[in-house]
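This report concerns only the one structure given below.
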Amino acid sequence: MNNNLKFITGLTPTKLSVNTAAQKNASHVLDTTELPTTRTEAWKYTRVAKIGKIDFKNEASTVTSIDDKKVIDSPHTLVFVNGRFSKELSADTFPAGVSVKPLSTLDGISTQEEFEGDIFGALNLAYLNDGLHITIEKKAVVEEPIQVIHILKGEAQLSNFKVQIDAEDFSKATVVQGFFSDDASNSFVNYTSDIQVGVNTHFTIEKIQDEEAGNFHIGTDSVSQGKDSTFTINTITLNGSLVRNNLNIDVIGENCTTNLNCGYLLKEKQHVDNHTVVDHRVPNCNSNELYKGVMDENSTAVFNGKVFVRQDAQKINAFQSNRNVLLSDNATVNSKPELEIYADDVKCSHGSTTGQLDDDAIYYLRARGLSKSAAVQLLVSAFIAEVIAEVGNEDVKTYIYKRLNERFGWDINPEDFG
Amino acid sequence: MITIKNLHANIEDKAILKGLNLEVKAGEVHAIMGPNGAGKSTLASILAGKEDYEITEGSVSFDGEDLLEMETEDRAREGLFLAFQYPVEIPGVSNINFLRTAINEKREHLGEDPISAKDFMALVREKSKLVELDAKLASRSVNEGFSGGEKKRNEIFQMAMLEPKLAILDETDSGLDIDALRIVANGVNTLKSDNNATIVITHYQRLLDYIVPDFVHVLYDGRIVKSGPKELALELEEKGYDWIKEELVEA
Amino acid sequence: MATYTEDDLAKDLEGKEYEFGFTTDIESDKAPKGLNEDIIRFISAKKEEPEWMLEFRLDAYRTWLEMTEPEWAHVRYDKPDFQDITYYAAPKQSKKYESWDDVDPEMKETMSKLGISMEEQKRLTGVAVDFVMDSVSVATSFKAKLKELGIIFCSFSEAVQEYPELVQKYMGTVVPKQDNFYAALNSAVFTDGSFCYIPKGVRCPMELSTYFRINESGTGQFERTLVVADKGSYVSYLEGCTAPQRDENQLHAAVVELIALDDAEIKYSTVQNWFPGDKEGKGGVFNFVTKRGMCHTNSKISWTQVETGSAVTWKYPSCVLKGDNSIGEFYSVAVTNNFQQADTGTKMIHIGKNTKSTIISKGISAGQSQNSYRGLVQIHKNAENARNFSQCDSLLMTDRCGAHTFPYIECKNSTAKIEHEATTSKIGEDQIFYCLQRGIDEEKAISLIVNGYAKEVLNQLPMEFAVEAQKLLTISLEGSVG
């Protein structure tokens with residue numbers, strides 16, 4: 001194994017039944033690639049050197065209760081601790097049309113085979129701890145969400161965790177993902193997903209990231225959309241020291257809609273980096289991206305959104321918006337919205353704004369008797385409410401507002417924002 | 001002036017016009033009325049030369065020439081004018097520049113010299129008064145930031161500048177308040193002469209109180225199903241189009 | 001209406017070879033091909049340069065040797081062979097022209113073919129032109145009049161001889177010789193260029209203009225321009241470029257440095273229509289240029305460019321807003337057709353307080369070309385109340401071209417306000433139909449619409465340049481609607 005990647009020498013290669021070609025390629029990437037530096041364009045604004053300095057291990061651990069580590073009360077909840085499936089805390093019955101299997105119970109896991117220098121993707125596969133395969137059967141309309149919880153626990157744990165979702169044709173379902181930690185520090189969840197959205201399928205992910213400060217989260221969701229489908233992902237990042245989210249959406253069927261919404265409220269020394277790629281390979285599709293963030297104290301937010309419109313992918317409407325508010329002089333925003341367009345009959349636009357809260361608005365509110373902090377809270381919550389409003393599940397919304405109130409000492413009534 | 005015979009037209013294999021006949025002579029005003037989706041705007045677009053339609057049968061002769069064989073711009077240069085239902089915005093291109101280009105293209109086509117700047121500006125002043133168009137609008141970008149009424153008045157202003165032989169007003173009255181309607185109608189009436197003709201396409205009878213037609217035609221399901229004097233418009237207003245439909249069924 | 005087929009398009013484009021494609025035959029005094037320290041010493045000796053200038057060059061050359069060509073731009077091309085370039089070519093006439101009448105008639109002919117009849121320009125527009133032909137300045141007019149005001153406007157070589165203290169003080173302060181691969185190369189081998197100094201409080205009464213063109217086959221063009229506007233002064237500087245048709249690619253790696261001292265203003269306008277290569281994408285100029293301005297307190301630098309030429313363009317006129325209350329502006333129209341590739345934009349570096357920048361970029365892509373906007377807006381930690389507004393629009397003419405937008409926005413100050421908007425759209429079929437219905441043919445309609453689209457930028461150009469730019473836009477896009 002490569003000497004550059006000392007941080008994984010304490011880990012054991014995966015015991016899961018992952019296809020050998022992928023495993024071989026993954027090992028090759030790990031043998032030949034170094035951790036990215038800021039000279040690598042995709043990591044220009046995010047330093048991962050810290051990760052390379054930790055001597056990671058992966059240990060089984062137990063969590064006795066998930067009462068405060070879940071997004072919603074759902075009888076269809078699956079729990080993983082340090083990437084390992086927790087049978088005791090997980091449900092074993094699921095709504096009709098849904099089948100769920102831990103990857104460790106599968107004989108033969110098919111995944112992507114090429115990693116193109118993606119060191120974290122290769123790491124995830126080569127050292128995969130466990131994960132889930134969820135199938136939403138053809139035509140199944142599943143009203144109750146399936147909840148997947150991942151908990152990091154302990155010191156210097158590295159969890160390689162994967163979720164595979166196959167939403168078959170004409171189905172409709174929502175998966176709620178919660179990423180938490182329990183007394184963890186210097187731990188790192190390296191997550192990937194493979195999501196197939198079938199023909200005319202409506203599939204939604206509500207993702208909450210709420211690991212404690214001092215931990216790392218790098219995740220890549222790879223989504224492929226069949227024709228006439230709608231894929232929506234709403235990501236709310238509440239905590240975590242270093243969070244990097246990659247969303248890669250391949251739109252391979254016509255007449256698709258893709259909605260990517262994300263809200264991040266950062267403080268302390270948090271660093272959150274969102275990279276999205278929407279690849280429009282075929283005509284007549286819409287994609288909408290709304291990324292909004294509020295940065296306080298010494299935090300940093302990075303946004304890199306890329307929209308590709310391939311040759312002959314005509315009649316594409318792609319909209320991308322990144323809006324940032326800086327609350328502190330030590331906070332930083334780096335925004336890079338990109339359009340790469342090779343077809344002509346398209347309507348694409350992106351906007352990026354960075355600014356502070358409107359002084360006049362704060363003054364106005366204070367003149368009406370609000371304290372300065374109350375005025376700030378009101379304006380910040382109104383700013384971020386636009387993203388939260390995109391969250392379809394009411395219980396998820398309630399959770400988000402509850403956690404915002406706790407974390408920022410607010411007293412928002414979610415109903416004020418619908 | 002224009003003779004339309006047995007015109008059939010499709011859009012994406014859907015038949016819109018199904019054997020339309022119409023003859024308009026110089027000095028006449030014809031109104032074409034009909035319910036939504038009857039093919040009124042399609043007729044206007046085809047006459048102007050929009051390429052989205054496929055003509056499957058029939059002929060259109062304009063001043064003795066085969067109109068359907070002419071390029072869109074040549075139809076315009078020969079004196080066919082369409083006042084658009086939804087005038088297009090062209091950012092950054094001033095109305096003045098646009099019109100001077102249009103007029104000079106027409107003059108070149110007719111073998112005339114370009115208009116002098118002085119004559120052109122005098123013409124702009126004269127014609128903008130006709131539709132009570134603020135001179136400032138003339139120097140703004142084509143239709144950009146114009147209100148609905150201003151756009152329609154601008155169409156009539158352009159018509160006045162280009163002095164067409166045949167003007168087709170496509171739902172020019174839609175969305176206009178009574179004052180704007182009066183202004184537009186006044187413009188059209190002033191421009192009327194023995195040498196030109198007007199086709200007024202409308203959904204409402206109201207406009208015809210101001211632009212009095214010589215003939216009223218009812219367009220329904222891709223054909224002219226009824227023609228009559230101006231009183232027909234009043235009858236339609238009163239009874240609606242169902243009456244025509246019923247009559248058709250009975251026949 | 002008959003459809004415009006691909007065959008028609010091909011025919012039209014064939015007839016649209018580079019209008020200014022001709023070669024002037026003036027015997028030139030060339031350096032041997034290739035690059036080494038001896039060549040640099042040769043150039044320096046040929047120009048009778050002082051020791052410090054030679055040291056600057058050699059130092060840059062040694063730095064350059066350690067550097068690699070940048071690859072991040074969204075362009076693909078065969079890298080130039082730096083040993084296959086002639087780094088010095090001067091027209092043989094050794095004498096300097098005292099007046100315009102003394103200029104070689106063939107050269108005058110060249111200029112009039114370019115449509116820049118100098119006499120006309122001088123008389124009618126009061127433009128002072130520093131004409132650069134293959135790296136050496138051959139005619140400088142209006143010098144006397146400018147001299148009265150204390151304005152220095154001369155060739156770079158002359159400035160090195162006559163005003164060494166000014167050149168030494170400012171050269172390389174905005175674009176350091178190690179700045180990037182091509183800037184380092186330029187610093188090592190630049191042959192000539194323009195120098196301009198506006199003294200304190202002087203408002204330059206006329207537009208200063210330089211007309212560059214590449215002429216000698218296989219010669220690289222390494223121009224260097226230095227404009228210094230002293231406290232409270234103002235200057236508007238025009239740069240126009242056109243090159244004759246060539247088969248092999250030609251390299252152009254210029255460096256332009258602008259310095260606006262306190263309360264000064266520099267307006268720098270460029271119209272560029274270098275040979276873009278033929279309809280098959282063969283030939284054409286490689287334009288790898290470093291342009292940067294330094295803004296001191298209360299100063300303003302405004303870049304305006306209309307770019308229709310070059311096979312490959314790599315160019316980011318930038319402003320370093322170092323002084324408080326300084327202003328940077330960038331207005332650009334970039335047209336690409338056939339197989340042209342452009343990666344162009346700007347950098348606005350906000351360091352001082354209350355600094356403002358505006359970016360208006362209008363890209364037009366036709367044929368099979370690739371047109372990218374790449375821009376950086378950087379707000380430093382102490383740049384209180386910095387403001388930026390960026391608008392980057394792309395217009396697509398065919399379904400085989402590409403339009404790309406790569407803005408980089410970096411903000412480290414919470415009082416900053418940054419707004420970036422970008423749109424990409426097709427030239428509107430309904431707009432063209434509207435024009436057709438008014439009797440305006442398709443070519444004219446496109447010209448109208450495109451010039452309207454680019455108006456915000458064209459309006460920034462001085463009058464005589466704006467007319468030329470409009471013509472260029474129309475010529476560049478003839479027969480290119482998809």
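Residue numbers begin at 1 in each chain, while the letters A, B, ... track the order of the sequences.
Among C/C411, C/G402, C/S372, the residue with the largest count of heavy-atom pairs under 4.5 Å with chain A is C/C411. Between chain A and the options C/T415, C/V377, C/L376, heavy-atom pairs under 4.5 Å are most frequent for C/T415. When C/K412, C/E419, C/K417, C/R387 are compared by the number of non-hydrogen pairs under 4.5 Å with chain A, C/K412 comes out ahead. The residue among C/L395, C/I409, C/T423, C/L396 with the most heavy atom pairs within less than 4.5 Å of chain A is C/I409.
Heavy atoms of A/Q320 lying under 4.5 Å from chain C are absent altogether. With a 4.5 angstrom heavy-atom cutoff, C/E384 touches chain A only via side-chain atoms. Using a 4.5 Å cut-off between heavy atoms, A/S352 contacts chain C through both its backbone and its side chain. When heavy atoms are compared at a cutoff of 4.5 Å, C/A422 approaches chain A by way of both its backbone and its side chain. At a 4.5 Å heavy-atom cutoff, the contact between A/Y45 and chain C is made by side-chain atoms alone. Heavy atoms of A/L327 lying under 4.5 Å from chain C belong exclusively to its backbone.
Residues C/K381 and A/N330 bring a donor and an acceptor atom of their side chains to less than 3.5 Å of each other. Inspection of the A/D344 and C/T398 side chains reveals no N or O donor paired with an N or O acceptor under 3.5 Å.
A/R47 CZ: 12 or fewer foreign heavy atoms inside a 6.0 Å radius. The local environment of CD in A/E41 is crowded, with over 12 non-hydrogen atoms from other residues, nucleotides or ligands closer than 6.0 Å. Other residues, nucleotides and ligands place no more than 12 heavy atoms under 6.0 Å from the OH atom of A/Y363.
At a threshold of 4.5 Å between non-hydrogen side-chain atoms, the residues A/H350 and C/T405 count as touching. Contact check for C/N413 versus A/D329: side-chain heavy atoms found under the 4.5 Å cut-off. You'll find the side chain of A/V346 reaches within 4.5 Å of the side chain of C/T424, heavy atoms only.
Looking at every heavy atom in both residues, C/P407 comes nearest to A/K336 through O-CG, 3.0 Å. Residue A/Q311 comes nearest to C/D399 through the heavy atom pair CG-O, 3.7 Å, listed as atom of the first residue, atom of the second, then distance.
Remark: C/E421 CD to A/T353 OG1 distance equals 8.0 Å, nearest 0.5 Å.
Salt bridge annotation for C/R400-A/D312: present, with a cationic side-chain nitrogen under 4.0 angstrom from a carboxylate oxygen.
In this structure a side-chain-to-backbone donor-acceptor pair under 3.5 Å is missing from C/H404 to A/E338.
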